[in-house]
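Written below as structure tokens is the structure these notes are about.
Just so you know, these numbers use all the heavy atoms, side chains as well, and skip hydrogens, waters and symmetry mates.
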Amino acid sequence: KTWKPSSAASIAAAAVWLASLWRHAEAGRMVTLGRKLSPTTNAAFEYWPERMWVSVPVVLGAAFAFQMLYKLVPFGSRLLLREEYAALDKQQKIDWDVRVVALVHAIMAIMLAYYVQLVEPAMRSGLYAYSVQAAQVVSVSAGYFLWDLFVTLRHLKLYGFGILGHAFFCFSLYASSSVVPFALRHAVQFLMFELSTPFVHFNWFLQRLGLGKSPLIKAND
């Protein structure tokens with residue numbers, strides 16, 4: 001992982017998003033207390049507690065799955081790339097393992113986000129549109145960033161506060177948008193920013209494999 005301007009932009013965008021979510025969550029609280037707002041807002045917030053049962057198990061299950069993958073990466077790396085993996089120092093091995101998990105998440109997120117935007121009519125509706133499929137897609141990414149948050153905290157000296165802030169805000173954004181019915185469609189679209197992630201990680205892997213001057217690096221750049 002590398003701190004870069006896009007990380008700062010992601011944090012800024014997530015902060016604005018969370019501020020909007022807070023405002024709409026307050027509207028939802030008023031609906032729960034029986035105060036009538038617009039018909040759209042009342043309908044959107046009427047079932048939000050039930051939506052937690054859709055999202056929370058997926059978030060926790062995804063975080064557990066990514067942790068299991070993280071534990072398996074060293075075994076697979078030693079099996080497939082024995083000499084290259086052994087040549088890495090301790091911190092590089094940690095970063096290698098984390099990047100493999102990040103790469104898997106990025107590919108999953110891109111495919112799921114693209115699919116749900118194609119097939120789900122709610123993805124072409126308004127700000128309060130909700131669908132179980134879309135909520136589960138962003139919940140998978142919320143689970144990944146929950147895992148990422150704890151890994152970054154554990155290795156804070158390696159990753160720093162910039163990556164920690166990125167993990168926290170992304171987790172908060174995806175977890176809240178899967179429950180609070182506001183801009184779920186945009187949360188799915190936001191996942192398409194992961195399109196650049198595989199190229200970043202492929203570049204790093206090629207460098208560590210001694211292929212820094214290969215045509216693959218130039219093609220990846």
Requested in this report: Please confirm whether Trp147 and Phe64 have ring centers closer than 6.0 angstrom.
Outcome: no

**Report entry** Rounded distance [0.5 Å steps], CE in Met111 versus CG in Leu191
**Finding:** 13.5 Å

Query raised in the report: Stepwise, does the side chain to side chain contact (heavy atoms under 4.5 Å, CB included) test hold for Met192 with Gln117?
Result: CA-CA 11 Å; Met192 298 306 293; Gln117 288 181 85; 3.7 Å; yes

Query raised in the report: Are side-chain N/O atoms of Glu194 and Thr197 paired as donor and acceptor at under 3.5 Å?
Result: yes

**Report entry** Rounded distance (nearest 0.5 Å) linking atom NZ of Lys93 with atom OG of Ser77
**Finding:** 10.0 Å

**Report entry** is_close_aromatic(Phe171, Tyr174), centroid dist under 6.0 Å
**Finding:** no

**Report entry** Within 6.0 Å of CZ in Arg78, more than 12 heavy atoms from elsewhere
**Finding:** yes

Requested in this report: Evaluate the side-chain proximity of Val98 to His155: yes if any heavy-atom separation is below 4.5 Å, no if none is.
Outcome: no

Query raised in the report: So do the side chains of Gln133 and Tyr115 get within less than 4.5 Å of each other, counting heavy atoms only?
Result: yes

Requested in this report: Would you check if Tyr85 and Pro74 make a side-chain contact, meaning some heavy-atom pair closer than 4.5 Å?
Outcome: yes

Query raised in the report: Can Val151 be reached from Leu60 by stepping across I, L, V, M, F, W or Y side chains whose heavy atoms are under 4.5 Å apart?
Result: yes

Query raised in the report: Donor-acceptor pair, Ser55 side chain versus Ser178 backbone, under 3.5 Å?
Result: yes

Query raised in the report: Any salt bridge between Arg99 and Asp95, counting N to O under 4.0 Å?
Result: yes

Report task. Give the cluster check for Leu184 versus Ile110: same hydrophobic cluster or not, with ILVMFWY residues linked at side-chain heavy-atom distances below 4.5 Å. Result -> no

Report task. For residues Tyr114 and Val137, determine if any side-chain heavy atom of one lies less than 4.5 Å from a side-chain heavy atom of the other. Result -> no

Query raised in the report: Side chains of Val100 and Phe205: does their closest heavy-atom pair fall under 4.5 Å?
Result: yes

Query raised in the report: After noting the C-alpha distance and the side-chain angles of Val104 and Met108, does the key distance pass the side chain to side chain contact (heavy atoms under 4.5 Å, CB included) rule?
Result: CA-CA 6 Å; Val104 171; Met108 287 180 56; 4.0 Å; yes

Query raised in the report: Do Val101 and Leu80 share a hydrophobic cluster, counting only Ile, Leu, Val, Met, Phe, Trp and Tyr and linking them when any side-chain heavy atoms are less than 4.5 Å apart?
Result: yes

**Report entry** Ser141 (side chain) donor-acceptor with Val138 (main chain) under 3.5 angstrom
**Finding:** no

Requested in this report: Give the intermediate values and the outcome of side chain to side chain contact (heavy atoms under 4.5 Å, CB included) for residues Leu146 and Phe168.
Outcome: CA-CA 8 Å; Leu146 176 62; Phe168 172 76; over 6 Å; no

Query raised in the report: From Asp97 CG over to Leu88 CG, what is the distance, rounded to the nearest 0.5 angstrom?
Result: 9.0 Å

Query raised in the report: In the single-linkage hydrophobic clustering (I, L, V, M, F, W, Y; side-chain heavy atoms under 4.5 Å), do Val59 and Val132 co-cluster?
Result: yes

Report task. Answer yes if Phe190 and Leu118 sit in the same cluster of Ile, Leu, Val, Met, Phe, Trp and Tyr residues linked by side chain heavy atoms under 4.5 Å apart, and no otherwise. Result -> no

Report task. Nearest 0.5 Å please: distance from the NZ atom of Lys71 over to the CG atom of Leu69. Result -> 12.0 Å

Report summary line: Result for ring-ring contact (aromatic ring centres under 6.0 Å, His included) between His166 and one of Tyr159, Phe193, Phe145 points to Phe145

Query raised in the report: Nearest heavy-atom pair of Trp204 and Gln92: which atoms, and what distance?
Result: CH2-O, 3.7 Å

**Report entry** Rounded distance [0.5 Å steps], CG in Leu112 versus OG in Ser139
**Finding:** 11.5 Å

Report summary line: CG of Leu149 to OG of Ser172, rounded to nearest 0.5 Å, is 8.0 Å

Report task. Of all the heavy-atom pairs spanning Phe202 and Leu103, show the shortest one and how long it is. Result -> CE2-CD2, 3.9 Å

